[in-house]
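Let me begin by presenting the structure, written as structure tokens, before commenting on it.
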Amino acid sequence: MTDKSSGWQGFYAVVVQIPAGRVATYGQIARLAGFPQHARQVGYALAALPESRTDVPWQRVINSKGEVSPRARSGMHHFQQSLLEAEGVSFVNERVDLKTYLWEGTESGADG
DNA sequence: AATTTGACCATAA
DNA sequence: GTTATGGCCAAAT
């Protein structure tokens, strides 16, 4: 492809797969994308998400601790939390129950 | 070009 | 639970 797009991998392609009311961890995104070691890059990629990428549910992406990252020095993380709550994701002590809302992945093959 | 910074994850003490 | 370290890459300065 003669595309001069950024070097970011297909992270977005994975994030967009996250269903509403569910959350995924950076490591998982990188994992499904095929880059289990580039967990960081995932977050950075989402940080660079332009307003045009509204199709990318970056809000559903959180850290492995189930907490929303404070990415900015402001209370922006609160904004993300609000977005998730709007989708049905509950927050407990500024945290999310990964064992309840953690996205299992593409669920390929599993019957339930 | 080199340095610094950044939305992370896993291990160890 | 916290603190410290190693891994990996891209954007900004």
Side-chain angles (χ1 to χ4, degrees):
Chain A
M1 305 188 308
T2 56
D3 201 323
K4 58 174 192 257
S5 303
S6 302
W8 302 107
Q9 311 301 349
F11 294 130
Y12 305 130
V14 181
V15 178
V16 297
Q17 289 189 54
I18 307 173
R22 204 81 71 193
V23 296
T25 64
Y26 296 97
Q28 184 154 23
I29 301 299
R31 229 174 157 67
L32 301 170
F35 302 89
Q37 337 183 205
H38 301 169
R40 311 181 109 191
Q41 210 61 337
V42 178
Y44 306 152
L46 300 173
L49 271 174
E51 299 180 7
S52 308
R53 307 307 329 211
T54 50
D55 24 291
V56 183
W58 57 274
Q59 69 238 58
R60 295 179 196 149
V61 187
I62 59 179
N63 53 24
S64 194
K65 293 196 301 186
E67 302 177 358
V68 274
S69 299
R71 57 187 154 72
R73 277 63 171 284
S74 300
M76 291 298 264
H77 65 98
H78 211 66
F79 177 69
Q80 185 187 18
Q81 179 180 334
S82 181
L83 291 169
L84 290 170
E85 289 185 322
E87 296 193 350
V89 180
S90 282
F91 274 76
V92 177
N93 196 357
E94 300 287 311
R95 244 182 297 188
V96 180
D97 197 348
L98 295 178
K99 65 197 240 11
T100 300
Y101 295 103
L102 177 62
W103 182 42
E104 296 183 12
T106 52
E107 289 188 15
S108 59
D111 60 299

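A note on names: the letters A, B, ... follow the listed sequences, proteins ahead of strands, and every chain is numbered from 1. Note that these values count all heavy atoms, side chains included, but never hydrogens, waters or copies made by symmetry.
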Nearest-nucleotide 5' precedence on DNA chain C, A:Ala48 against A:Ala39:
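Taking each residue's closest nucleotide, the earlier one in sequence belongs to A:Ala39.
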Whole Å only: how far is the [atom1] atom of [X] from the [atom2] atom of [N]?
X       : N      : atom1 : atom2 : value
A:Phe11 : C:dC8  : CZ    : P     : 14 Å
A:Gln80 : B:dC8  : CD    : P     : 11 Å
A:Lys65 : C:dG1  : NZ    : C1'   : 10 Å
A:Asn63 : B:dA7  : CG    : C1'   : 9 Å
A:Leu46 : C:dA10 : CG    : C1'   : 14 Å
A:His77 : B:dC8  : NE2   : P     : 13 Å
A:Tyr44 : C:dC9  : OH    : C1'   : 8 Å
A:His38 : B:dG6  : NE2   : C1'   : 16 Å

How far, in whole Å, is B:dA7 from C:dG6 if one measures between their P atoms?
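So the two P atoms sit 22 Å from each other.
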Under 3.5 Å donor-acceptor, A:Gln80 side chain and A:Val68 backbone
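Here the side-chain-to-backbone pair does not exist.
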Check whether any side-chain heavy atom of [X] sits under 4.5 Å from a side-chain heavy atom of [Y], and report yes or no.
X       : Y        : result
A:Leu49 : A:Tyr12  : yes
A:Glu67 : A:Ile62  : no
A:Val23 : A:Trp103 : no
A:Leu32 : A:Gln17  : no

Of the options B:dA7, B:dC9, C:dG7, whose atoms approach the side-chain atoms of A:Gln37 most closely?
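Selected nucleotide (nearest to the side chain): C:dG7.
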Measure from the side-chain heavy atoms of A:Ser69 and tell me the nearest of B:dA7, C:dG1, C:dC8.
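Given the options B:dA7, C:dG1, C:dC8, the side chain of A:Ser69 is closest to B:dA7.
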A:Gln41 vs C:dC9: side-chain N/O to OP1/OP2 distance below 4.0 Å:
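For C:dC9, neither OP1 nor OP2 has a side-chain N or O of A:Gln41 closer than 4.0 Å.
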Quick check on B:dA10: is either OP1 or OP2 less than 4.0 Å from any side-chain nitrogen or oxygen of A:Ser64?
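Affirmative; the distance criterion is met.
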